[in-house]
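Here is the naming used below: chain letters follow the sequence lines, and residue numbers restart at 1 for every chain. As the structure is a computational prediction, the values presented were derived from the model and not from experiment. Heavy atoms only: backbone and side chains are in, while hydrogens, waters and symmetry mates are out.
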There are 2 protein chains.
Amino acid sequence: MLQYQPVPLDLAFQALADPGRRAMVERLSLGPASVSELAQPLPMTLSAVVQHLKILEAAGLVKSRKVGRVRTCALEVEAMSQVERWIAERKRFWSQQYDQLEAYLAQTAPEENDR
Amino acid sequence: MLQYQPVPLDLAFQALADPGRRAMVERLSLGPASVSELAQPLPMTLSAVVQHLKILEAAGLVKSRKVGRVRTCALEVEAMSQVERWIAERKRFWSQQYDQLEAYLAQTAPEENDR
DNA sequence: TCAATACTTAAGTCAATGCTACAGTATCAG
DNA sequence: CTGATACTGTAGCATTGACTTAAGTATTGA
């Protein structure tokens with residue numbers, strides 16, 4: 001548990017940017033599934049699902065194993081946690097104020113406006 | 001505090017997928033900044049930064065106000081929280097097991113392997 | 001052994017993205 | 001009033017991304 005050199009969480013954010021991929025993650029959050037099971041509710045070919053799966057795996061968000069002709073996939077919770085942590089840390093700093101923008105502007109110039 | 005009609009977090013995830021945009025968010029997590037301040041450390045034109053800013057604002061992650069000729073930007077913590085929450089909820093379900101994939105496979109077929 | 005199942009891989013297409021250049025438009029300071 | 005400052009907006013362009021179709025390769029059940 002020394003250091004996660006975590007495939008820069010760049011890949012994770014990029015992977016989660018796609019709605020189809022997020023749908024796959026949602027499905028996997030309920031438990032492992034085969035590629036076909038992942039594909040079944042999605043409006044795209046199996047081929048496309050396999051491609052998305054590769055992206056999720058490259059991002060470390062999903063892991064899979066093939067047994068016989070079936071590939072079973074599962075969520076990698078740790079990668080999810082990394083993303084979660086990044087957000088939590090950005091929030092920590094300035095998150096006290098109800099509305100930081102107004103507060104900041106009021107502090108320097110009183111009563112000015114534009115958008 | 002009735003209901004956040006939250007600009008589908010699709011936009012938020014998409015916005016955070018870009019490294020430049022995440023850099024802007026990181027900067028803003030330290031406190032409000034002008035457009036030029038946001039642009040200064042980034043290897044792109046001001047014009048590009050403004051475009052990224054629009055995407056962040058459309059996603060609800062950033063808010064801005066123009067006073068005089070300076071536009072001041074700040075993080076919208078609530079939108080960040082929504083993203084955080086989505087991840088937390090996906091993690092909740094199956095996250096107990098150390099390695100859910102192996103556990104699941106072991107449960108159905110013992111000792112088989114491929115990748 | 002043979003057909004069906006469950007992926008896999010490779011092209012190829014088409015739209016969305018991330019930039020840059022360039023041309024403004026409002027302030028602001030002197 | 002003038003030149004600098006701080007954006008703003010629009011084209012144009014080179015990539016990247018999300019799919020599809022088509023052609024496999026293992027596995028499995030009868």
May I have all residue pairs that pass salt bridge (Lys or Arg N to Asp or Glu O under 4.0 Å) and include part of residues 26-35 of chain B, sequence neighbours excluded? A:Arg90-B:Glu26

Check side-chain contact (heavy atoms from CB on, under 4.5 Å) between B:Ala23 and all other residues, then give those that pass, not counting sequence neighbours. B:Leu42

Terminal axis angle for the helix from C:dT1-D:dA30 to C:dG30-D:dC1, five pairs an end, nearest 10 degrees: 30°

Which residues satisfy the side-chain contact (heavy atoms from CB on, under 4.5 Å) test with A:Val35, sequence neighbours excluded? A:Leu46, A:Val49, A:Val50, A:Leu53, A:Arg71, A:Cys73

Between A:Met44 and B:Ser47, the residue closer to the 5' end of DNA chain D by nearest nucleotide is B:Ser47

Pairing residues for B:Ala88 by the side-chain contact (heavy atoms from CB on, under 4.5 Å) criterion, not counting sequence neighbours: A:Glu84

Establish whether the base of D:dT20 is bridged to the side chain of A:Gln51 by a donor-acceptor pair shorter than 3.5 Å. yes

Set of residues satisfying side chain to side chain donor-acceptor pair (under 3.5 Å) with respect to B:Ser47, sequence neighbours excluded: none

Can you tell me the distance, in whole Å, between the CG atom of A:Asp10 and the P atom of D:dT16? 14 Å

Within residues 16-27 of chain B, find the residues that approach DNA chain D with a heavy atom at under 4.0 Å, and present them sorted by residue number. none

With respect to the side chain of B:Gln14, which nucleotide from D:dT20, C:dT17, D:dA18 is positioned closest? C:dT17

Between B:Arg92 (side chain) and A:Ser29 (backbone), is there a donor-acceptor pair under 3.5 Å? no

What residue pairs, at least two apart or across chains, pass ring pair (Phe, Tyr, Trp, His ring centres under 6.0 Å) with a residue in residues 29-80 of chain B? none

Does a side-chain N or O from B:Lys54 land closer than 4.0 Å to OP1 or OP2 of D:dG9, or not? yes

Looking at residues at least two apart in the chain, or sitting in another chain, which of them share a salt bridge (charged side-chain N to carboxylate O under 4.0 Å, His left out) with B:Arg22? A:Asp10

Results of side chain to side chain donor-acceptor pair (under 3.5 Å) for B:Ser81 - residues two or more places apart only: A:Lys91

For nucleotides 4-7 of chain C, list the nitrogen or oxygen atoms of the protein found under 3.5 Å from its nitrogen or oxygen atoms, one pair per line.
unit_1 : atom_1 : unit_2  : atom_2 : d
C:dT5  : O4'    : A:Arg69 : NH1    : 3.1
C:dT5  : O2     : A:Arg69 : NH1    : 2.8
C:dA6  : O3'    : A:Arg69 : O      : 3.1
C:dC7  : OP1    : A:Arg71 : N      : 2.9
C:dC7  : OP2    : A:Ser36 : N      : 3.0
C:dC7  : OP2    : A:Ser36 : OG     : 2.4
C:dC7  : O5'    : A:Ser36 : OG     : 3.4
C:dC7  : O3'    : A:Lys66 : NZ     : 3.3

Distance, nearest 0.5 Å, that separates CZ of A:Arg21 from CD1 of A:Ile55: 4.0 Å

Does C:dC19 have OP1 or OP2 sitting under 4.0 Å from an N or O in the side chain of B:His52? yes

Using the ring pair (Phe, Tyr, Trp, His ring centres under 6.0 Å) rule, collect all pairs that involve residues 9-42 of chain A, keeping only residues at least two apart or in two chains. A:Phe13-A:Trp86

Under 4.0 Å: is that the gap between some side-chain N or O of A:Thr45 and OP1 or OP2 of D:dC19? no

